[in-house]
Each structure stands twice: as C-alpha cells, then as structure tokens.
**Q** 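Next up is a structure, given as structure tokens.
Residue numbers begin at 1 in each chain, while the letters A, B, ... track the order of the sequences. The figures here come from the full heavy-atom set of this structure, side chains too, leaving out hydrogens, waters and symmetry mates. Remember, predicted model here, so these are calculated numbers, not experimental data.
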2 protein chains.
Amino acid sequence: MSVIDLSKIPVPEQNLRSYLDTVCETYELDFAAYAGIDPIQQTIHGFVNYPEDWQAHYVKQGFQHKDPALLMASRSIAPVDWQRLRKESMFEKILLAGQEFGIPEQGLTIPVRGPYGDVGLFSVTRNCTDHDWKLLKASILGDLQHAAVHLHDHVMKTNILTRRLTHPSLSIREIEILQWVAAGKSQQDVADILSISNRTVEVHLRSCRMKLGALTTAQAVGRAIGLSMIHPV
Amino acid sequence: MSVIDLSKIPVPEQNLRSYLDTVCETYELDFAAYAGIDPIQQTIHGFVNYPEDWQAHYVKQGFQHKDPALLMASRSIAPVDWQRLRKESMFEKILLAGQEFGIPEQGLTIPVRGPYGDVGLFSVTRNCTDHDWKLLKASILGDLQHAAVHLHDHVMKTNILTRRLTHPSLSIREIEILQWVAAGKSQQDVADILSISNRTVEVHLRSCRMKLGALTTAQAVGRAIGLSMIHPV
DNA sequence: ACCGAAATTAGGGAAATCCCTTAGCCTTGC
DNA sequence: GCAAGGCTAAGGGATTTCCCTAATTTCGGT
C-alpha cells in the first residue's frame, strides 16, 4: 500500500518523470502527477514532480487513499476540476496541508481506463485565479486528455503495472475451459462443448485453481479476470 | 479553443447526431460515429451520421461484432488508427463494402471507458491521403479525445446504458457475500464469517446471479469484477 | 399509519462440484 | 531417445452448491 516512485524504475525509454516536466513547461503548469491503480491489488503506484517533502507528507498521511480528487476521478469518465471539490472537508484539509509546501489551489485530475480494469489518474496544477484557470483549462484540456491517455497507455505497455498480470501460465486448454466456466457453463456443459469428459474438465479446473492459488472455481475465475487471462462474459 | 461544449447539448438522442455533424464540420471530417457497449449484455448501441444505407448494410451484415476497428479499440487504451488495420482481411472486407457507400478509407477509433466497465467507441473518418491524414490527426487528436470523453460521459449520464448499469444494484449484503465468495470462501465459510445460515448465503448468491444475469456463481463473480462491483482477491 | 416491495433470514432435498487416485497418449525440449 | 509436462479419461465418496418455498424485517411512498 505504498506509493512507488516509478521514475526510479529503469525504463527502457525516457524517464517518465521528465515527461511530466515537459508537460508542465509546455502548458504553463506548476506540477503534474500520475497515479496508476493496480487492478488486482488495488494498490496505487505513482510518480510526480511535486516537491519531495510534499510527496513524503502526502504518502505519510495516506492521502492517496482519501484524496477526493483521486476518488472522484476514479469514478468519473470526464476530468474532475478541483474547484468542484472545494466544499469537501477532506479536500480542504489536503489543500490546506499542501499550501505549506507551495502546492497550488487550482488543479484537475483526468481519469483514463484500460480494458482490464486498470485506471490511470493524471493530475495537473497551476497557481492562478479562477478566471485564468478557466481560460487555461479550456485551451489545453484536449491536449491534457491526450497526454493522459498517452501516459497511461505507455505505463501499461512498459510492464510496470502489468508485469504481474501475465505471470501465472495456464495452458491453452485451461484458459479455454475457464473462459467457458466464466461464461456460465457447467462442467458438463463445457465437456459437451469441447467433446471431452466432464471428469477431464474437472481436472483442468483443479489445475487452474492450483496455478492461480484459488480455493474455489469462482475465485479462480475472478483472479483470471483480474489477471486479464480471460474476459468477463 | 475549438472544443465544443457538450454539456450544453440537450438530452434527446437526435441532438447527439447533430453533435456528430458539428464535430465533422469543425474538424473537416466526413463522418463520425459513436458506439456504446453494454458491459452486461455485451450489446452495442450506437448513433452515426453515416449514410442510412451504409448504416443498414453494416448492421445487416453484423459488422458491429466483427469490425476490427471496434474490436481493437475496445481492447486498447490509446486511439486506434485504421491504417494499422489494413492488413486484416475482415477490415479490408468492411472497407471494401464501405467504398460502395462512399465511406472514406482514413479513420480513427477512440475508446473511452467508465468506471463500470462501460466502453464508448468514437470513430471519425476522412477521405484524404495518408500524408494529409497524418497531419490532420496530429492537429486534432487532442480535441477528438476530449470530444470522445465528453460524448461518452454525456451518453452514460443520460442514456439507457446508465439505467442498465446502475440498475444491477446489488444490495450491500449481496456485494459483501459475493466479495467473500470471490475471495475463495465457500457458502458455509461466508455463513460462519457473517454469522448467518449457509442457506441465507445461498439465497443472496442466487439473487446476485439473477441481478447480474449470470447462470453460475462463477459467472456472477466474473461480471461483478468486470463491473467493478467487487475486486478480485 | 399503512401498504407493498425489497432485503434478510432459513429448511429440505436434488444436483453438481470437488478431492484423491490411476493411467494412456502426445508434444516439446534437452 | 528420454524426460517433462499437457491432454485425455475414469471411479467413488465427501462436500458444496443449487432450487423451491416461506417467514420476518426494513423502508420508501401515500
């Protein structure tokens, strides 16, 4: 449950954190942050270009699990402007704490989702008036949205979050059978569909459970979906 | 600042079609289309400003279930340029069929996901050379991304899809029990944990299955995870 | 305050799954 | 060629899930 600084992880290409810097420079922003939610463990991994001390304070207080900006954005399709959160006490608290570290009041969090329940939250901040913020936002929102998608796509492709999503190796047959079970078929149904014995189906399912470390078939289905090895039907 | 404010568009669906027209005019595009995928029934609802006859032909052929542009975009985070699909025979077939109705070769499909497993696919097309398309794309991709997000957000906030999604409202008890089952607990385990009868647990699970339209508990777990109602454990 | 819909609680019996075991055939890799 | 692992198949018995029914409680609406 700790925030991992992805910028310290060796990435074949460019340092992701410097990408945030570039975004800030390009769009006249103060800070930018990316937080990726691991769809399996529900942990949050992030990298930011906030000041180190604010980052430390933020994590120490466990703000990443309470921050209304992240919570609301993780339930939203459209970007969430922090102005809409001002009435919330928890947000006020975080904002107040952030002021001591020079964190601006104006901000915006953009959610991006992938097909496997993965979520990326891209936040940017700027110290300015409400009016200026509105103007700035309107002019760069499209680009920020694009940047957010690009960022999350890149993170998911460079195995940072997905590394553990591909490891347990079910055989093709096992995945095939588990997919049918996830589609609501009984063992006998699957046996008939695949023209094999229901006993055989059961052996494969047991193998699936063992490999996935699941106690029941239902749990195995859940894990396999969480691991994006099969899809919910 | 060429982004269109979707929030000012009235509710009825006919106006969404006119929004597509507006997008096309603004960005010098020929056609635009939106397709929303119901995560439960796996059905596709859409509206387009393609010619009526192409639309009819497309649906009649069942292309919405085979179209590589839709399939790939529904598994992608980033937008999918149709140029990347040219090698696929099915795409070639659809493109060839579309040519008779004046459907351009250049196109782009942008996926947008919501927190409930809902997916919106926003496609635009333009008849031009590869080079011109590349230039156009680079200049408007951010805005299109933004438009796609607001389109899907708007549809989800007003449309039938939303009703389908918010309606499978499992009770707190049902979610609690399904979450335990997803964690590998048996009915009796859950009964002991919650200090209720295993019969009661079973009834709740049956209710879960019914509400989620699932045939088996394993399928219900899968769907609930797909809908982010519970988490894989 | 009352009614109805939904949630929560169970029991009994039928059906399916799960576990342990053995075993032949085929492919892949060293 | 041989070993390892995947796919197939099966019996028997214990456990679990599933289906039908039904009582009690809770809660929003008139």
**Q** Reading nucleotides 11-25 of chain D 5' to 3', which nucleotides get B (base under 4.0 Å from a protein heavy atom), which S (sugar-phosphate only), which -?
**A** BB---SSBBBB----

**Q** Sequence neighbours left out, what pairs pass salt bridge (charged side-chain N to carboxylate O under 4.0 Å, His left out) with at least one residue falling in residues 194-204 of chain A?
**A** A:Glu202-A:Arg206, A:Glu202-A:Arg209

**Q** Indicate yes or no: at least one non-hydrogen side-chain atom of A:Val119 is less than 4.5 angstrom from one of A:Val112.
**A** no

**Q** Please say whether more than 12 non-hydrogen atoms of neighbouring residues, nucleotides or ligands are located less than 6.0 Å from NZ in A:Lys134.
**A** no

**Q** Go through the structure and list residues passing salt bridge (charged side-chain N to carboxylate O under 4.0 Å, His left out) with B:Arg86, not counting sequence neighbours.
**A** B:Glu105, B:Asp130

**Q** Can you name the residues that form a salt bridge (charged side-chain N to carboxylate O under 4.0 Å, His left out) with B:Glu176, not counting sequence neighbours?
**A** B:Arg173

**Q** Just by distance, no angles: are the side chains of B:Gln187 and B:Asn198 close enough, under 3.5 Å, to form a donor-acceptor pair?
**A** no

**Q** What about the rings of A:Tyr34 and A:Phe122, do their centers lie closer together than 6.0 Å?
**A** no

**Q** Could you list the residues that satisfy side-chain hydrogen bond (donor to acceptor under 3.5 Å, both in side chains) with B:Ser171, not counting sequence neighbours?
**A** B:Glu174

**Q** Which residues pass the side chain to side chain contact (heavy atoms under 4.5 Å, CB included) test with B:Glu92, sequence neighbours left out?
**A** none

**Q** Examine D:dG5: is either OP1 or OP2 under 4.0 Å from a nitrogen or oxygen in the side chain of A:Ser171? Give yes or no.
**A** no

**Q** Please find the earliest and latest nucleotides of DNA chain C, in the 5' to 3' direction, that have an atom within less than 4.0 Å of any heavy atom of chain A.
**A** C:dT17 to C:dT21

**Q** Indicate whether OP1 or OP2 belonging to D:dG6 is found under 4.0 Å from a side-chain N or O atom of A:His204.
**A** no

**Q** Identify, with sequence neighbours excluded, every residue that meets ring pair (Phe, Tyr, Trp, His ring centres under 6.0 Å) alongside A:His150.
**A** A:Tyr19

**Q** With the threshold set at under 4.0 Å for non-hydrogen atoms, list the residues of residues 172-180 of chain B touching DNA chain C in residue-number order.
**A** B:Arg173

**Q** Starting from P on D:dT8, measure out to CG on A:Leu194 and report it in whole angstrom.
**A** 8 Å

**Q** For a quick check of understanding: with a heavy-atom distance under 4.0 Å over all strands, which category does B:Ser197 fall into, base, sugar-phosphate or nothing?
**A** sugar-phosphate

**Q** Expressed in angstrom and rounded to an integer, what is the separation of A:Asp192 atom CG from D:dA9 atom P?
**A** 12 Å

**Q** With salt bridge (charged side-chain N to carboxylate O under 4.0 Å, His left out) as the rule and sequence neighbours excluded, what pairs involving residues 185-198 of chain B come up?
**A** none

**Q** Taking CH2 in B:Trp180 as the centre, count heavy atoms belonging to other residues, nucleotides or ligands within less than 6.0 Å. Is the count above 12?
**A** no

**Q** Under the ring pair (Phe, Tyr, Trp, His ring centres under 6.0 Å) rule, collect the residues that match up with A:Phe63, sequence neighbours excluded.
**A** A:Tyr58

**Q** Note the angle between the end axes of the helix from C:dA1-D:dT30 to C:dC30-D:dG1, five pairs defining each, rounded to 10 degrees.
**A** 70°

